[in-house]
Amino acid sequence: MTYPSWLWVVFTLIAATAQTFRNAAQRSLIDQLGTVGATHIRFLFGLPFGLLSLAAGALVWGELPRPNTESLLWTVFGALSQITATALMLAAMRERSFVVTTAYTHTEPVQIALFAAIFLSEPVSLSLAVAVVVACAGVLLLSWPSRAGTEIYSWRPACLGVASGTFFALTAVGFRGGITALEADHFSSAAILTLAIALTVQTACLSVWLLWREPMVLQAILNAWRPSLAAGFLGAFASTNWFLAFALTNPARVRTLGVVEIVIAGLVSRRLFAQTPGIRDVLGMVLVSIGIVLLFNG
């Protein structure tokens, strides 16, 4: 079956928008639940919606693809990478504004290209070199201390945000591998099954960790079920659309288009958190965006 070539674009734009509001909902719970607790709500409260989507899909398709060892390994790898990426992102948000942290994480496509050059020995073209230089200049501009004596507070969130982008890159690769390994007849069945497996793994891992190390945080999460439920729904909705896009095309293209989240985050940040980026922040985000666009259009 053939699908419109632009369908992945629709899924990606929906995902980027929903993810921005999901991140905003999680950020508002960091002080109450801590970084790990705020990370967990997207999985714990997203799982019911993921399973509901899977059940609805089973009624539509009649039969679900059967997971195999390869698909499970890729999906678990992506699931664990996403937990790490989300925790790093929220940790960065505790020290830097919502919109600037979003820009840090969107160095992800650039990092994918760098990984390919380092580990796969792919040649670095002129356009790739320019893209990397421009994007890195944007990150440096964002992280440069705003006033004397604040260097430690400027570089720490930069490192956390860029590291988050690294693990988000690994997440996309893992989930794309899990989806394609299923070899399903319909792309949406593979995407939604992979999402359900990932959410189950993520919920189990973080629930066990919190029960072992911080049981009071788990209790606090359950007590904050109303705002957490909203974050869980937005997370599941965003993830569903990311996975549908991953099922249709290369994740590098998907995550590159996902840079529009920076613009959306700027609007959300101004509206919800009264955070207005300075001129240097705006210029840094523009450079990061230009670098990513150059990377895949050069």
Side-chain angles (χ1 to χ4, degrees), residues 11-30 32-57 75-76 78-93 98 101-102 105-106 108 164-165 167-168 170-172 174-175 178-179 188 191-207 209-210 217-218 220-222 224-247 251 254-255 258 260-261 264-265 268 272:
F11 289 137
T12 301
L13 293 176
I14 294 173
T17 303
Q19 180 166 292
T20 301
F21 286 96
R22 193 277 320 284
N23 289 344
Q26 282 184 284
R27 183 191 185 281
S28 65
L29 291 168
I30 294 176
Q32 180 180 354
L33 303 177
T35 300
V36 177
T39 299
H40 192 28
I41 62 172
R42 70 172 293 183
F43 307 125
L44 179 63
F45 290 91
L47 178 59
F49 296 107
L51 295 178
L52 185 62
S53 297
L54 185 64
T75 302
V76 170
L80 297 180
S81 296
Q82 189 174 41
I83 290 175
T84 306
T86 304
L88 289 168
M89 178 189 70
L90 293 176
M93 283 183 179
F98 176 71
T101 299
T102 301
T105 64
H106 277 83
E108 168 195 351
S164 174
F167 280 96
F168 274 127
L170 297 174
T171 297
F175 288 152
I179 291 170
S188 60
I192 293 177
L193 176 59
T194 302
L195 173 61
I197 295 172
L199 286 172
T200 300
V201 171
Q202 291 163 330
T203 299
C205 288
L206 279 179
S207 293
W209 171 263
L210 288 173
V217 172
L218 193 57
I221 291 173
L222 296 177
W225 67 270
R226 289 182 184 275
S228 297
L229 191 64
F233 169 75
L234 288 169
F237 183 64
S239 294
T240 297
N241 283 278
W242 284 126
F243 278 52
L244 290 171
F246 290 155
V254 175
R255 298 305 296 169
V260 299
E261 185 184 346
I264 301 171
V268 172
L272 297 183

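Remember, it's a predicted structure, so these values are computed and weren't measured experimentally. Sequence positions, counted from 1, serve as the residue numbers for this chain.
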Handout entry: Residue pair Phe43, Gln82: steps toward the side-chain contact (heavy atoms from CB on, under 4.5 Å) verdict
Key = CA-CA 10 Å; Phe43 307 125; Gln82 189 174 41; 3.9 Å; yes
Completion exercise
All heavy atoms of Ala79 vs all of Ala198, minimum pair found to be CB-O, 3.9 Å
Completion exercise
Rounded to the nearest 0.5 angstrom, the OG1-CG distance for Thr20 and Leu234 is 10.5 Å
Problem - ring pair (Phe, Tyr, Trp, His ring centres under 6.0 Å) partners of Phe167, counting only residues at least two apart - result: none
Problem - Side-chain heavy-atom pair Leu29, Pro227 within 4.5 angstrom cut-off - result: yes
Exercise for the section: Would you name the heavy atoms of Ala245 and Thr12 that are closest together and state the gap between them? Expected result: CB-OG1, 3.5 Å
Handout entry: Partners passing ring pair (Phe, Tyr, Trp, His ring centres under 6.0 Å) against Trp209 (at least two apart in sequence or in another chain)
Key = Trp212
Practice task
Find the distance between CG (Leu54) and CG (Leu193) and round it off to the nearest 0.5 Å.
Solution key: 6.0 Å
Practice task
Can you sort out the partners of Phe233 under ring pair (Phe, Tyr, Trp, His ring centres under 6.0 Å), two or more places apart, ordered by chain and number?
Solution key: Phe49
Problem - Pair listing, side chain to side chain donor-acceptor pair (under 3.5 Å) test, anchored in residues 230-243, at least two apart - result: Gln19-Trp242
Exercise for the section: Mind listing the closest non-hydrogen atom pair of Ile221 and Leu33 along with its distance? Expected result: N-CD2, 3.8 Å
Problem - Residues that Phe243 engages under ring pair (Phe, Tyr, Trp, His ring centres under 6.0 Å), provided they are two or more places apart - result: Phe175
Practice task
Kindly give the heavy-atom pair with the smallest separation between Ala236 and Gly46, and that separation in Å.
Solution key: CB-O, 3.6 Å
Practice task
Could you tell me whether the side chain of Thr203 reaches within less than 4.5 Å of the side chain of His40, counting heavy atoms only?
Solution key: yes
Handout entry: Point-to-point distance, once rounded to the nearest 0.5 Å, from CG of Leu51 to CG of Leu195
Key = 9.0 Å
Fill in the blank from the handout: Rounded to the nearest 0.5 Å, the OG1 atom of Thr171 sits from the CD1 atom of Ile83 at a distance of 9.5 Å
Fill in the blank from the handout: So OG1 of Thr75 and CD of Gln202: to nearest 0.5 Å the spacing works out to 10.0 Å
Handout entry: Side-chain touch Leu206/Leu44, heavy atoms, less than 4.5 angstrom
Key = no
Exercise for the section: List for me each residue that meets side-chain contact (heavy atoms from CB on, under 4.5 Å) alongside Ala247, sequence neighbours excluded, and say none if there are none. Expected result: Ile179, Phe187, Ala191
Practice task
Determine the minimum heavy-atom distance between Arg22 and Ala231, stating which atoms define it.
Solution key: CG-O, 3.4 Å
Completion exercise
Closest non-hydrogen atoms of Ser207 and Leu218, given as atom of the first, atom of the second and distance, are O-CD2, 4.3 Å
